[in-house]
Protein chains: 2
Amino acid sequence: MRSEELSLIRELPLFAGVTNTTFDKLVRASYLQFFPPHVRLVNEGDPADFLYVVVEGCLELFAEANGHDTTVALVRPPSSFILAAVLTDSTYLLSARTLEKSRLLLIPAENIRQAMDSDTAFTHAIVHDMAWAYRTIVKSHKNHKLRSTIERLANYLLSEEKIQNGQGRITLPHDKRTLASLLGMTPENLSRAFGTLRQYQVEINGREVHLNSLEDLRALAKPTPLIDDAEM
Amino acid sequence: MRSEELSLIRELPLFAGVTNTTFDKLVRASYLQFFPPHVRLVNEGDPADFLYVVVEGCLELFAEANGHDTTVALVRPPSSFILAAVLTDSTYLLSARTLEKSRLLLIPAENIRQAMDSDTAFTHAIVHDMAWAYRTIVKSHKNHKLRSTIERLANYLLSEEKIQNGQGRITLPHDKRTLASLLGMTPENLSRAFGTLRQYQVEINGREVHLNSLEDLRALAKPTPLIDDAEM
DNA sequence: CCATCATCTTGACATTTGTCAATTCAGCCG
DNA sequence: CGGCTGAATTGACAAATGTCAAGATGATGG
C-alpha cells in the first residue's frame, strides 16, 4: 500500500482518533483493491466476513425478492457499508455491487471486533458511523412512506443541486434505471415524472438537468431537514 | 425507585455487562415514570435531550409530513428508542407517543455520553443496540419496497403467529388504524386486504384472527429471514 | 459511416392503492 | 335499556403506479 493511499485511508471517519497501533493492525490485516464496474461483491444472506470501506468510486446496496430488486442506497467515499452485519456477527441483509470502477478497503470482521475491544476511540468511531447510517435510512424510510414519486424526485433534484452547488444546473450521477430504483419507481415512471416536472421549469437533456425555478420546485417538493439534510 | 423495578432495569440489554458504578450513576440521573395512553412524548425536530427506554407498555414511533403521519415502528420492552439522535447529539427524526399506559426510563443524553467515555462495556452495549435497530429498519425498508400491501399483511400475521406461538390463532396487539399505518396502507385498504385473505383461510373476528392454513398463507407471503426474522 | 446494442421514452392499458361518503358495529356511560 | 361515540367496514369512484410493447435516441465498434 502506498503512503498517499495510506494517508487517505487514515483520514476516514471510521479511523478518527484511533491509535496508530490499532490503525496499523487493521490495515495490515486488510485488502485494498480495485474492482471493475458492475461486479457483485456482497450477497444478502451470506455471513459477514468483511467490513467494506469505499475509498474511491461508487457502490450500490440493493435487495432482492420475488424476482425484483430494489436499490436501498448508493455509497460514495468516504464511507463504510454493512457495518451492522459485522457488529452483530450475522449475515448481510443487503447485496452490493460496484456501479463504476471502485477502490475498496476490505477489513476482516474478526479484526474489527478485536480492535473494538482494545481501542475505545475506535469503538466511538464505530458508534458514530452506525448512528449516522441509522439516521440516513430512517430518512429514506420516511421519504418513501410520506411522499409520492414526483415529490421524491423533486427532492432528489434539490438535494443534488445543493451537493453539486450547480446554480440550478446539475448532472445526474447515475443512469436513470438506478435512479428510478433508488427512488422506488419504474424507469418508465421516472421518465413521466420528469415530464411532469417540465411545468416546474425543469429541463432535462440526457443527464444534464436545468432547474430553472428552484422556488417552483421547492413549492412542490416541500423539503425538510428531517428527511433531506445530509448532515456530514 | 423500588428494588424490583431496579433489577428489571438492570437486566435490560442496554446495561448488559456495565459496571455497577456506571449503572448507578445512570439510574440516579434518570427518571422512571408512568405515562397514560396516547401521550406524545417526543417531537421530531426537537433536540435529543433524553434516551428513552420502554420498561413496560408500548410506544409508537411515527413521522409527519404534508398533514399525514405514518407509523415507523412499535417499541415494546425491553428496548430503547431514539438512541441515534442522542449519540449524534442532534434532533429527533421521529416522534413518539404511548399506545397504552407505559412505564419509561428517561436517561439524560449528557449522562449517556459520559457513561460511554468511562465504561467500555456500556459503549459495547450501545453498539449492539444500534446495530440491532439498524438491521430492524433495513428489514422494514425492504418489506415496503419489495412487497405489496397484501404480502406485507400476510407476513405480519405469520410473524405474530410465531411471536404469540398461537397454533394458528392470534390476537392483534393494536387497533387496526395503527396496524394499517405500520404496514403503510389506509385502514380501508387493510379491511379489504383481510377480505382478500379469506381465500387463504384467514378468519377475522374483531382482533381475533384464525390462520387456518399456514401453508396457504406462507405460499402467498413468501417470508424470508432477511426481512421477517426478529433476531433476538 | 453504418450497424448494433443498450438505454430511454412514449402510448395504451391493467392493477394497485387511496379518497370520500355512508353505514354498521362495538363499547361505554348515564 | 337507550343513546352516544369512535372504530371498522363497505361501496363507488379517482388517482397513482406498474406492465407490456413499440419506437426513439444515443453511444460504440467495426
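The model shown is predicted, which means the values in this text are computed figures rather than measured ones. A note on names: the letters A, B, ... follow the listed sequences, proteins ahead of strands, and every chain is numbered from 1.
- Aromatic ring centroids of A:Y134 and B:Y134 lie 6.0 Å or more apart.
- Geometric assessment of A:R103 against the ring of A:F35 yields a negative cation-pi assignment under the 6.0 Å and 45° thresholds.
- Distance NE2 (B:H68) to P (C:dT17): 17 Å, rounded to an integer number of Å.
- The separation between A:L190 atom CG and D:dT19 atom P is 15 Å, rounded to whole Å.
- Side chains of A:S140 and A:N143: no donor on one and acceptor on the other come within 3.5 Å.
- Expressed to the nearest 0.5 Å, how far CG of B:L93 lies from CD1 of A:I227 amounts to 9.5 Å.
- Taking the charged nitrogens against the carboxylate oxygens, B:R177 and B:E60 have no contact shorter than 4.0 Å, which rules out a salt bridge.
- Comment: A:R135 engages A:E231 in a salt bridge, judged by a side-chain N to carboxylate O separation of less than 4.0 angstrom.
- Of the charged side-chain nitrogens involved, none lies within less than 4.0 Å of a carboxylate oxygen, so that B:K145 and B:E151 do not count as a salt-bridged pair.
- For the pair B:L197 CG and D:dT9 P, the computed distance is 12 Å after rounding to whole Å.
- Using a 4.5 Å heavy-atom cutoff, the side chains of B:K139 and B:D228 are not in contact.
- By the 4.0 Å N-to-carboxylate-O rule, A:D69 lies too far from B:K142 to be salt-bridged with it.
- Between the CD1 atom of B:I204 and the C1' atom of C:dC25 there is a distance of 14 Å, given to the nearest Å.
- Going from atom CZ of B:R76 over to atom CG of B:L59 covers 10.0 Å, rounded to the nearest 0.5 Å.
- Taking atom CZ of A:R207 as the reference point, atom C1' of C:dT9 lies 16 Å away to the nearest angstrom.
- Near DNA chain D, defined here as any heavy-atom distance below 4.0 Å, the residues from residues 174-189 of chain A are A:G184, A:M185, A:T186, A:E188, A:N189, listed numerically.
- Here D:dT10 presents its C1' atom at 16 Å from CZ of B:F194, a figure rounded to the nearest Å.
- For the pair A:E203 and A:R198, the salt-bridge criterion is not met [side-chain N within less than 4.0 Å of a carboxylate O].
- Taking atom CZ on B:R192 and atom P on C:dG18, their separation rounds to 10 Å, with Å as the unit.
- Five base pairs at each end of the helix from C:dC1-D:dG30 to C:dG30-D:dC1 define two local axes, and these are offset by 30° (rounded to 10°).
- Distance, A:R198 CZ to C:dT9 C1': 10 Å, rounded to whole Å.
- Remark: A:S148, A:T149 in residues 140-159 of chain A come within less than 4.0 Å of DNA chain D through at least one heavy atom.
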